[in-house]
Amino acid sequence: MKIFKPLRFPYGSKIHGAKLTKDSPIEYMPAPATVYVSVSQHIGAPALPVVNIGDKVKKGQLIAAQQGFVSANVYSSVSGTVKAINDIVNGLGQKQKHIIIENDFSDEEELFDDIKDLSPASIVERTALAGIVGLGGAGFPTAVKLAPKNPLDVLVINGAECEPYLTCDFRLMTEKTEEIYKGIKLTAKALNVKDIVIGIESNKPEAIEAFAKYDDVKVVALKKQYPMGSEKHLIYVTTGRKVPVGKMPFDVGACVQNIKTVLAIYEAVSLNKPLTETVITVSGKGVKEGKNLRVAIGTPFSEIIEYCGGKSSDTVKIIAGGPMMGKSLSHLDQYVRKTDSGILCLTAKETSLAEPSPCINCGICAKNCPMRLMPMYIESFFLAGDYGNAEKYGAMNCIECGLCAYNCPAKRALVQSISSAKAKIREMHKNG
Ligand code: SF4
Ligand code: SF4
(Lines give C-alpha, C1' and ligand atoms only; values in the text may rest on other atoms or scores of the structure.)
(Ligands and ions follow the chains in the order given, each with its own letter.)
Protein backbone atom coordinates (compact mmCIF):
# COMPACT_ATOMS: atom_id res chain seq x y z
CA MET A 1 0.00 0.00 0.00
CA LYS A 2 1.52 3.30 -1.11
CA ILE A 3 0.21 6.62 0.14
CA PHE A 4 1.78 9.83 -1.12
CA LYS A 5 2.51 13.08 0.68
CA PRO A 6 1.10 16.30 -0.78
CA LEU A 7 2.90 19.49 -1.69
CA ARG A 8 1.99 22.39 0.56
CA PHE A 9 0.40 25.73 -0.14
CA PRO A 10 1.40 28.37 2.37
CA TYR A 11 -1.95 30.09 2.95
CA GLY A 12 -5.38 29.01 4.11
CA SER A 13 -6.23 27.97 7.66
CA LYS A 14 -6.73 25.00 9.86
CA ILE A 15 -10.37 25.08 10.91
CA HIS A 16 -12.32 22.96 13.37
CA GLY A 17 -13.76 19.90 11.57
CA ALA A 18 -16.94 19.32 13.64
CA LYS A 19 -17.54 16.09 11.74
CA LEU A 20 -20.39 15.08 14.05
CA THR A 21 -21.89 12.52 11.64
CA LYS A 22 -18.64 10.82 10.62
CA ASP A 23 -19.74 7.49 12.09
CA SER A 24 -23.32 7.58 10.80
CA PRO A 25 -23.78 5.17 7.87
CA ILE A 26 -25.75 6.49 4.90
CA GLU A 27 -29.47 5.93 5.35
CA TYR A 28 -32.01 5.89 2.57
CA MET A 29 -34.75 8.42 3.33
CA PRO A 30 -38.06 7.35 1.72
CA ALA A 31 -39.20 9.80 -0.95
CA PRO A 32 -41.77 12.34 0.31
CA ALA A 33 -45.43 12.68 -0.75
CA THR A 34 -44.52 15.66 -2.97
CA VAL A 35 -41.25 16.60 -4.64
CA TYR A 36 -40.39 20.09 -5.92
CA VAL A 37 -37.83 19.69 -8.67
CA SER A 38 -36.06 22.84 -9.86
CA VAL A 39 -35.18 23.23 -13.55
CA SER A 40 -32.13 25.36 -12.58
CA GLN A 41 -29.89 23.01 -10.63
CA HIS A 42 -26.80 23.72 -12.69
CA ILE A 43 -24.65 26.47 -14.15
CA GLY A 44 -26.05 27.49 -17.52
CA ALA A 45 -29.46 27.76 -19.12
CA PRO A 46 -32.42 26.42 -17.11
CA ALA A 47 -33.83 23.14 -18.45
CA LEU A 48 -37.14 23.42 -20.32
CA PRO A 49 -40.11 21.50 -18.87
CA VAL A 50 -41.27 18.69 -21.20
CA VAL A 51 -44.23 17.59 -19.06
CA ASN A 52 -47.59 19.25 -18.44
CA ILE A 53 -49.80 19.56 -15.40
CA GLY A 54 -51.74 16.31 -14.97
CA ASP A 55 -49.13 14.11 -16.71
CA LYS A 56 -48.27 10.78 -15.10
CA VAL A 57 -44.52 10.32 -14.73
CA LYS A 58 -42.23 7.51 -13.65
CA LYS A 59 -39.15 7.83 -11.49
CA GLY A 60 -36.27 8.45 -13.89
CA GLN A 61 -38.46 10.03 -16.57
CA LEU A 62 -37.19 13.19 -18.26
CA ILE A 63 -39.25 16.16 -17.03
CA ALA A 64 -37.09 19.07 -18.23
CA ALA A 65 -34.67 19.01 -21.15
CA GLN A 66 -31.31 20.73 -21.36
CA GLN A 67 -31.27 23.97 -23.37
CA GLY A 68 -28.05 24.51 -25.28
CA PHE A 69 -24.50 23.34 -24.62
CA VAL A 70 -24.13 24.47 -20.99
CA SER A 71 -27.29 23.11 -19.37
CA ALA A 72 -28.50 19.79 -17.96
CA ASN A 73 -31.47 17.41 -18.18
CA VAL A 74 -33.71 17.04 -15.13
CA TYR A 75 -35.54 13.80 -14.21
CA SER A 76 -38.41 12.95 -11.93
CA SER A 77 -37.26 11.49 -8.62
CA VAL A 78 -40.61 9.76 -7.93
CA SER A 79 -43.45 8.13 -9.83
CA GLY A 80 -46.68 10.11 -9.71
CA THR A 81 -48.57 13.04 -11.21
CA VAL A 82 -47.36 16.50 -12.16
CA LYS A 83 -49.43 18.82 -9.97
CA ALA A 84 -48.00 22.20 -10.89
CA ILE A 85 -45.14 23.99 -12.63
CA ASN A 86 -44.51 27.10 -10.58
CA ASP A 87 -41.96 29.78 -9.92
CA ILE A 88 -40.84 29.49 -6.30
CA VAL A 89 -38.58 31.91 -4.45
CA ASN A 90 -36.41 29.53 -2.46
CA GLY A 91 -34.73 30.12 0.91
CA LEU A 92 -31.69 31.51 -0.91
CA GLY A 93 -33.83 34.21 -2.47
CA GLN A 94 -33.60 32.68 -5.96
CA LYS A 95 -36.73 32.62 -8.10
CA GLN A 96 -36.72 29.31 -9.97
CA LYS A 97 -39.23 27.23 -11.88
CA HIS A 98 -40.08 24.01 -10.06
CA ILE A 99 -41.95 20.98 -11.36
CA ILE A 100 -44.13 19.76 -8.49
CA ILE A 101 -44.92 16.05 -8.53
CA GLU A 102 -47.24 14.15 -6.22
CA ASN A 103 -45.77 10.77 -5.37
CA ASP A 104 -48.06 7.76 -6.01
CA PHE A 105 -45.58 5.50 -4.17
CA SER A 106 -45.81 2.84 -6.92
CA ASP A 107 -42.06 3.33 -7.51
CA GLU A 108 -42.41 2.69 -11.23
CA GLU A 109 -39.00 3.45 -12.66
CA GLU A 110 -37.62 4.21 -16.10
CA LEU A 111 -34.01 3.29 -16.86
CA PHE A 112 -31.78 3.91 -19.86
CA ASP A 113 -30.91 1.10 -22.28
CA ASP A 114 -27.57 -0.69 -21.84
CA ILE A 115 -24.65 0.95 -23.58
CA LYS A 116 -23.53 -1.50 -26.26
CA ASP A 117 -20.16 -0.07 -27.14
CA LEU A 118 -18.42 1.45 -24.12
CA SER A 119 -16.32 4.13 -25.83
CA PRO A 120 -15.16 7.52 -24.44
CA ALA A 121 -17.82 9.20 -26.58
CA SER A 122 -20.59 6.94 -25.27
CA ILE A 123 -19.59 7.69 -21.63
CA VAL A 124 -19.69 11.45 -22.31
CA GLU A 125 -23.02 11.08 -24.10
CA ARG A 126 -24.53 9.08 -21.22
CA THR A 127 -23.20 11.59 -18.66
CA ALA A 128 -24.97 14.39 -20.54
CA LEU A 129 -28.16 12.38 -20.98
CA ALA A 130 -28.29 11.49 -17.26
CA GLY A 131 -28.20 15.19 -16.28
CA ILE A 132 -24.97 14.86 -14.31
CA VAL A 133 -23.38 18.10 -13.09
CA GLY A 134 -20.52 18.84 -10.68
CA LEU A 135 -22.01 17.49 -7.46
CA GLY A 136 -19.37 19.09 -5.25
CA GLY A 137 -21.47 22.25 -5.39
CA ALA A 138 -20.34 23.91 -8.62
CA GLY A 139 -23.09 22.42 -10.78
CA PHE A 140 -21.15 22.77 -14.03
CA PRO A 141 -22.45 20.20 -16.56
CA THR A 142 -20.02 17.28 -16.30
CA ALA A 143 -20.22 16.20 -19.94
CA VAL A 144 -18.74 19.56 -20.96
CA LYS A 145 -15.79 18.98 -18.60
CA LEU A 146 -15.34 15.48 -20.06
CA ALA A 147 -14.90 16.86 -23.58
CA PRO A 148 -12.09 19.43 -23.20
CA LYS A 149 -10.65 21.24 -26.22
CA ASN A 150 -7.08 20.11 -25.48
CA PRO A 151 -5.87 16.62 -24.46
CA LEU A 152 -5.49 16.07 -20.72
CA ASP A 153 -3.14 13.72 -18.90
CA VAL A 154 -4.33 13.60 -15.30
CA LEU A 155 -7.63 13.06 -13.55
CA VAL A 156 -7.74 14.47 -10.00
CA ILE A 157 -10.46 13.14 -7.72
CA ASN A 158 -11.53 15.49 -4.96
CA GLY A 159 -11.95 13.51 -1.77
CA ALA A 160 -10.88 16.37 0.48
CA GLU A 161 -14.27 17.25 1.97
CA CYS A 162 -12.56 20.05 3.87
CA GLU A 163 -15.77 21.88 4.88
CA PRO A 164 -16.59 21.40 8.57
CA TYR A 165 -19.64 19.24 9.42
CA LEU A 166 -19.97 17.57 6.00
CA THR A 167 -19.35 13.83 5.99
CA CYS A 168 -21.33 12.50 3.01
CA ASP A 169 -18.26 12.13 0.77
CA PHE A 170 -16.37 10.39 3.55
CA ARG A 171 -19.21 7.90 4.10
CA LEU A 172 -19.47 7.27 0.36
CA MET A 173 -15.71 6.70 0.07
CA THR A 174 -15.86 4.02 2.74
CA GLU A 175 -19.26 2.49 1.92
CA LYS A 176 -19.22 2.69 -1.91
CA THR A 177 -15.50 2.39 -2.61
CA GLU A 178 -15.79 -0.10 -5.47
CA GLU A 179 -18.61 1.81 -7.22
CA ILE A 180 -16.64 5.08 -6.91
CA TYR A 181 -13.52 3.34 -8.24
CA LYS A 182 -15.50 2.11 -11.26
CA GLY A 183 -16.83 5.64 -11.78
CA ILE A 184 -13.27 6.97 -11.64
CA LYS A 185 -12.13 4.48 -14.27
CA LEU A 186 -15.06 5.37 -16.54
CA THR A 187 -14.24 9.06 -16.15
CA ALA A 188 -10.56 8.43 -16.95
CA LYS A 189 -11.61 6.43 -20.01
CA ALA A 190 -13.88 9.26 -21.19
CA LEU A 191 -10.95 11.70 -20.85
CA ASN A 192 -8.42 9.25 -22.24
CA VAL A 193 -6.06 9.81 -19.30
CA LYS A 194 -3.93 7.20 -17.57
CA ASP A 195 -2.79 9.09 -14.48
CA ILE A 196 -5.37 9.16 -11.71
CA VAL A 197 -4.83 10.78 -8.36
CA ILE A 198 -7.24 11.05 -5.46
CA GLY A 199 -6.67 13.62 -2.72
CA ILE A 200 -8.14 12.73 0.67
CA GLU A 201 -7.58 14.75 3.85
CA SER A 202 -5.39 12.90 6.32
CA ASN A 203 -8.14 13.05 8.95
CA LYS A 204 -9.98 10.35 6.97
CA PRO A 205 -7.61 7.35 7.31
CA GLU A 206 -10.39 4.82 6.60
CA ALA A 207 -11.06 6.43 3.20
CA ILE A 208 -7.33 6.66 2.42
CA GLU A 209 -6.94 2.97 3.20
CA ALA A 210 -10.00 2.06 1.12
CA PHE A 211 -8.51 3.60 -2.04
CA ALA A 212 -4.89 2.64 -1.40
CA LYS A 213 -5.68 -0.92 -2.49
CA TYR A 214 -6.01 0.14 -6.14
CA ASP A 215 -2.66 0.08 -7.95
CA ASP A 216 -3.81 2.42 -10.70
CA VAL A 217 -4.99 5.23 -8.40
CA LYS A 218 -2.40 7.37 -6.62
CA VAL A 219 -3.67 8.29 -3.16
CA VAL A 220 -2.41 11.58 -1.72
CA ALA A 221 -3.04 12.09 2.00
CA LEU A 222 -3.76 15.81 2.18
CA LYS A 223 -2.78 18.08 5.02
CA LYS A 224 -5.85 19.26 6.95
CA GLN A 225 -5.95 22.78 5.64
CA TYR A 226 -8.87 24.82 4.38
CA PRO A 227 -9.66 25.20 1.43
CA MET A 228 -7.84 22.06 0.34
CA GLY A 229 -10.83 21.06 -1.82
CA SER A 230 -10.59 24.12 -4.05
CA GLU A 231 -9.75 22.92 -7.58
CA LYS A 232 -6.63 24.98 -8.08
CA HIS A 233 -5.16 24.15 -4.68
CA LEU A 234 -5.99 20.47 -5.02
CA ILE A 235 -4.30 20.28 -8.42
CA TYR A 236 -1.19 21.94 -7.00
CA VAL A 237 -0.83 19.79 -3.89
CA THR A 238 -1.50 16.52 -5.75
CA THR A 239 0.36 17.12 -9.02
CA GLY A 240 2.60 20.17 -8.50
CA ARG A 241 0.91 21.99 -11.40
CA LYS A 242 -0.04 25.63 -10.94
CA VAL A 243 -3.19 26.85 -12.67
CA PRO A 244 -2.41 30.49 -13.54
CA VAL A 245 -4.81 33.28 -12.66
CA GLY A 246 -7.61 33.41 -15.24
CA LYS A 247 -6.88 29.88 -16.48
CA MET A 248 -8.74 26.62 -15.96
CA PRO A 249 -7.57 23.14 -14.86
CA PHE A 250 -7.67 21.88 -18.47
CA ASP A 251 -5.06 24.54 -19.31
CA VAL A 252 -2.57 22.51 -17.25
CA GLY A 253 -3.80 19.14 -18.54
CA ALA A 254 -5.96 18.29 -15.51
CA CYS A 255 -9.59 17.55 -14.82
CA VAL A 256 -10.99 17.57 -11.28
CA GLN A 257 -14.05 15.53 -10.40
CA ASN A 258 -15.89 15.15 -7.12
CA ILE A 259 -16.67 11.85 -5.36
CA LYS A 260 -20.44 12.07 -5.88
CA THR A 261 -19.99 13.03 -9.53
CA VAL A 262 -17.93 9.94 -10.40
CA LEU A 263 -20.41 7.78 -8.49
CA ALA A 264 -23.24 9.30 -10.55
CA ILE A 265 -21.26 8.54 -13.73
CA TYR A 266 -20.96 4.90 -12.64
CA GLU A 267 -24.69 4.68 -11.90
CA ALA A 268 -25.60 6.28 -15.24
CA VAL A 269 -23.23 4.20 -17.37
CA SER A 270 -23.28 0.83 -15.59
CA LEU A 271 -26.70 0.85 -13.87
CA ASN A 272 -28.48 2.96 -16.53
CA LYS A 273 -29.80 5.40 -13.92
CA PRO A 274 -30.37 9.10 -14.50
CA LEU A 275 -29.53 11.46 -11.65
CA THR A 276 -32.58 11.48 -9.36
CA GLU A 277 -31.04 11.21 -5.88
CA THR A 278 -28.12 12.57 -3.96
CA VAL A 279 -26.38 12.01 -0.62
CA ILE A 280 -26.31 14.83 1.92
CA THR A 281 -25.23 15.37 5.53
CA VAL A 282 -27.76 16.73 8.02
CA SER A 283 -25.84 18.10 10.98
CA GLY A 284 -25.27 20.84 13.55
CA LYS A 285 -26.14 20.78 17.22
CA GLY A 286 -29.61 22.15 16.44
CA VAL A 287 -30.81 18.98 14.71
CA LYS A 288 -31.92 16.17 17.01
CA GLU A 289 -30.18 13.34 15.16
CA GLY A 290 -27.55 14.16 12.57
CA LYS A 291 -27.45 11.77 9.63
CA ASN A 292 -25.98 11.08 6.22
CA LEU A 293 -28.95 10.53 3.93
CA ARG A 294 -29.60 9.43 0.39
CA VAL A 295 -32.57 11.59 -0.62
CA ALA A 296 -34.78 12.14 -3.65
CA ILE A 297 -34.01 15.35 -5.52
CA GLY A 298 -36.83 17.81 -4.79
CA THR A 299 -37.40 16.65 -1.20
CA PRO A 300 -38.36 19.61 1.04
CA PHE A 301 -35.63 20.56 3.55
CA SER A 302 -38.33 20.80 6.23
CA GLU A 303 -39.21 17.10 5.79
CA ILE A 304 -35.56 16.10 5.92
CA ILE A 305 -35.12 17.97 9.20
CA GLU A 306 -38.25 16.29 10.56
CA TYR A 307 -36.89 12.90 9.44
CA CYS A 308 -33.85 13.64 11.59
CA GLY A 309 -36.04 14.27 14.66
CA GLY A 310 -36.65 17.97 14.06
CA LYS A 311 -34.64 21.01 15.12
CA SER A 312 -34.26 22.31 18.64
CA SER A 313 -35.59 25.69 19.74
CA ASP A 314 -32.05 27.06 20.06
CA THR A 315 -31.36 26.67 16.33
CA VAL A 316 -30.51 30.16 15.12
CA LYS A 317 -29.34 29.51 11.58
CA ILE A 318 -30.08 26.93 8.87
CA ILE A 319 -27.51 26.59 6.13
CA ALA A 320 -27.66 24.83 2.77
CA GLY A 321 -24.17 23.32 2.40
CA GLY A 322 -21.18 23.66 4.71
CA PRO A 323 -20.63 26.56 7.10
CA MET A 324 -17.82 28.10 5.00
CA MET A 325 -19.23 28.06 1.47
CA GLY A 326 -22.88 27.24 2.18
CA LYS A 327 -25.64 29.81 2.22
CA SER A 328 -27.91 30.79 5.08
CA LEU A 329 -31.60 30.18 4.38
CA SER A 330 -34.13 32.95 4.99
CA HIS A 331 -37.00 30.42 5.08
CA LEU A 332 -37.50 26.68 4.65
CA ASP A 333 -39.17 26.62 1.20
CA GLN A 334 -36.03 24.96 -0.02
CA TYR A 335 -35.87 21.69 -1.94
CA VAL A 336 -32.95 19.33 -2.49
CA ARG A 337 -30.98 20.10 -5.63
CA LYS A 338 -28.39 17.92 -7.36
CA THR A 339 -25.58 20.06 -5.94
CA ASP A 340 -26.63 20.00 -2.29
CA SER A 341 -24.19 18.50 0.16
CA GLY A 342 -25.70 19.35 3.52
CA ILE A 343 -28.30 20.95 5.72
CA LEU A 344 -26.93 22.45 8.91
CA CYS A 345 -29.04 23.53 11.89
CA LEU A 346 -26.67 25.67 13.93
CA THR A 347 -27.11 26.92 17.47
CA ALA A 348 -25.83 30.27 18.76
CA LYS A 349 -22.73 28.53 20.12
CA GLU A 350 -21.82 27.24 16.66
CA THR A 351 -22.24 30.41 14.66
CA SER A 352 -21.96 34.14 14.98
CA LEU A 353 -24.94 36.44 14.81
CA ALA A 354 -22.89 39.51 15.66
CA GLU A 355 -23.54 42.61 13.57
CA PRO A 356 -20.55 43.74 11.48
CA SER A 357 -18.47 46.59 12.89
CA PRO A 358 -16.07 48.88 10.99
CA CYS A 359 -12.90 47.33 9.57
CA ILE A 360 -9.95 47.78 11.93
CA ASN A 361 -7.38 47.20 9.18
CA CYS A 362 -5.85 44.24 11.00
CA GLY A 363 -5.01 42.51 7.71
CA ILE A 364 -6.00 39.03 8.93
CA CYS A 365 -8.33 38.49 5.97
CA ALA A 366 -5.48 39.13 3.51
CA LYS A 367 -2.98 37.09 5.49
CA ASN A 368 -5.01 33.88 5.16
CA CYS A 369 -6.61 34.34 1.75
CA PRO A 370 -5.66 31.28 -0.33
CA MET A 371 -5.86 33.37 -3.52
CA ARG A 372 -3.55 36.09 -2.12
CA LEU A 373 -6.23 38.77 -2.37
CA MET A 374 -6.89 41.76 -0.16
CA PRO A 375 -10.53 41.21 0.73
CA MET A 376 -10.84 44.40 2.82
CA TYR A 377 -9.94 46.59 -0.16
CA ILE A 378 -12.20 44.70 -2.55
CA GLU A 379 -15.05 45.11 -0.10
CA SER A 380 -14.51 48.82 0.38
CA PHE A 381 -14.29 49.40 -3.41
CA PHE A 382 -17.52 47.44 -3.82
CA LEU A 383 -19.28 49.43 -1.09
CA ALA A 384 -18.12 52.64 -2.75
CA GLY A 385 -19.52 51.45 -6.10
CA ASP A 386 -16.00 51.42 -7.59
CA TYR A 387 -16.28 48.09 -9.44
CA GLY A 388 -13.32 48.90 -11.69
CA ASN A 389 -10.94 48.95 -8.74
CA ALA A 390 -12.64 45.91 -7.18
CA GLU A 391 -11.75 44.09 -10.40
CA LYS A 392 -8.24 45.52 -10.42
CA TYR A 393 -7.75 44.12 -6.92
CA GLY A 394 -8.64 40.63 -8.16
CA ALA A 395 -12.30 40.20 -7.18
CA MET A 396 -12.85 37.79 -10.08
CA ASN A 397 -10.16 35.45 -8.71
CA CYS A 398 -11.98 35.02 -5.41
CA ILE A 399 -13.07 31.39 -4.99
CA GLU A 400 -15.64 32.39 -2.33
CA CYS A 401 -14.10 29.98 0.18
CA GLY A 402 -15.34 32.10 3.09
CA LEU A 403 -12.05 32.13 4.98
CA CYS A 404 -11.74 35.93 5.13
CA ALA A 405 -15.17 36.35 6.70
CA TYR A 406 -14.51 33.42 9.04
CA ASN A 407 -11.35 35.07 10.36
CA CYS A 408 -12.50 38.70 10.43
CA PRO A 409 -12.69 40.04 13.99
CA ALA A 410 -15.08 42.80 12.83
CA LYS A 411 -17.44 40.13 11.39
CA ARG A 412 -17.56 41.88 8.02
CA ALA A 413 -19.64 40.14 5.35
CA LEU A 414 -16.63 40.04 3.04
CA VAL A 415 -17.65 37.11 0.83
CA GLN A 416 -21.10 38.53 0.29
CA SER A 417 -19.58 41.84 -0.80
CA ILE A 418 -17.00 40.20 -3.08
CA SER A 419 -19.60 37.90 -4.60
CA SER A 420 -21.84 40.93 -5.32
CA ALA A 421 -18.81 42.80 -6.70
CA LYS A 422 -18.21 39.91 -9.12
CA ALA A 423 -21.81 40.11 -10.33
CA LYS A 424 -21.47 43.88 -10.85
CA ILE A 425 -18.17 43.43 -12.75
CA ARG A 426 -19.78 40.83 -15.04
CA GLU A 427 -22.70 43.20 -15.64
CA MET A 428 -20.26 46.05 -16.33
CA HIS A 429 -18.47 44.02 -19.02
CA LYS A 430 -21.75 42.81 -20.56
CA ASN A 431 -22.98 46.35 -20.96
CA GLY A 432 -19.60 47.40 -22.41
S1 SF4 B 1 -11.22 36.81 -0.71
FE2 SF4 B 1 -12.24 35.06 -1.61
S3 SF4 B 1 -10.61 33.54 -1.88
FE4 SF4 B 1 -9.85 35.07 -0.41
S5 SF4 B 1 -10.40 34.26 1.61
FE6 SF4 B 1 -12.08 35.60 0.97
S7 SF4 B 1 -13.54 34.23 0.01
FE8 SF4 B 1 -11.59 33.10 0.10
S1 SF4 C 1 -10.02 40.90 8.81
FE2 SF4 C 1 -11.81 42.24 8.92
S3 SF4 C 1 -11.18 43.92 10.27
FE4 SF4 C 1 -9.30 42.85 9.62
S5 SF4 C 1 -8.62 43.95 7.76
FE6 SF4 C 1 -9.90 42.29 7.08
S7 SF4 C 1 -11.95 43.20 6.90
FE8 SF4 C 1 -10.75 44.58 8.19
Side-chain angles (χ1 to χ4, degrees), residues 8-17 43 92 134 136-140 158 160-166 201 222-237 242-249 256 319-328 339 341 351-426:
R8 292 179 171 226
F9 65 92
Y11 315 108
S13 278
K14 200 169 175 172
I15 52 176
H16 178 49
I43 288 179
L92 302 169
F140 191 76
N158 187 351
E161 201 169 48
C162 56
E163 273 263 9
Y165 291 93
L166 302 184
E201 271 196 349
L222 307 171
K223 194 174 160 233
K224 198 178 144 9
Q225 185 183 8
Y226 187 84
M228 195 54 94
S230 119
E231 276 198 341
K232 289 186 174 181
H233 295 93
L234 188 66
I235 291 171
Y236 175 68
V237 297
K242 289 185 182 169
V243 183
V245 168
K247 297 285 179 188
M248 301 295 286
V256 179
I319 293 178
M324 300 299 287
M325 296 188 75
K327 302 270 184 296
S328 213
T339 49
S341 52
T351 186
S352 167
L353 295 177
E355 287 297 317
S357 53
C359 171
I360 54 170
N361 285 319
C362 65
I364 292 175
C365 54
K367 189 167 160 246
N368 291 304
C369 172
M371 297 306 288
R372 308 307 297 131
L373 302 176
M374 290 196 276
M376 65 292 205
Y377 291 149
I378 300 175
E379 187 197 39
S380 65
F381 287 130
F382 165 71
L383 294 175
D386 185 351
Y387 310 129
N389 261 323
E391 184 178 20
K392 215 154 111 192
Y393 273 71
M396 298 312 283
N397 298 324
C398 169
I399 56 171
E400 298 183 32
C401 69
L403 209 48
C404 48
Y406 173 80
N407 285 318
C408 174
K411 305 292 173 207
R412 310 249 357 126
L414 294 163
V415 198
Q416 213 173 305
S417 296
I418 299 172
S419 180
S420 306
K422 286 162 78 175
K424 289 286 183 193
I425 294 164
R426 276 189 215 105

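Residue indices begin at 1 and follow the sequence shown. Keep in mind that what you see is a predicted model, and the values were worked out from it rather than measured. Order of listing sets the numbers, starting from 1, for every ligand and every atom in it.
Note on atom 4 (Fe) of ligand 2: protein N/O/S atoms under 2.8 Å are Cys362 SG. Around atom 8 (Fe) of ligand 1, the protein contributes the following N, O or S atoms under 2.8 Å, ordered by chain and number: Cys401 SG.
Classified by interplanar angle (parallel below 30°, tilted 30° to 60°, perpendicular above 60°), the ring pair Phe381/Tyr393 is tilted.
Scanning all heavy atoms of the two residues, the minimum distance from Pro249 to Val243 falls at N-CG1, 4.1 Å.
Residues passing the salt bridge (charged side-chain N to carboxylate O under 4.0 Å, His left out) test with Glu400, sequence neighbours excluded: Lys422.
The side-chain hydrogen bond (donor to acceptor under 3.5 Å, both in side chains) analysis of residues 222-233, with sequence neighbours excluded, yields the pairs Lys145-Glu231, Ser230-His233.
With a 4.5 Å cut-off on side-chain heavy atoms, Ile360 and Pro409 count as touching. Between Met324 and Pro227, every side-chain heavy-atom pair lies at or beyond the 4.5 Å cut-off. Taking the side chain as every heavy atom from C-beta outward, Val415 and Cys404 approach each other to under 4.5 Å.
The local environment of OH in Tyr377 is sparse, with at most 12 non-hydrogen atoms from other residues, nucleotides or ligands closer than 6.0 Å.
Distance alone, capped at 3.5 Å, is enough to place a donor-acceptor pair between the Arg412 side chain and the Ser357 backbone.
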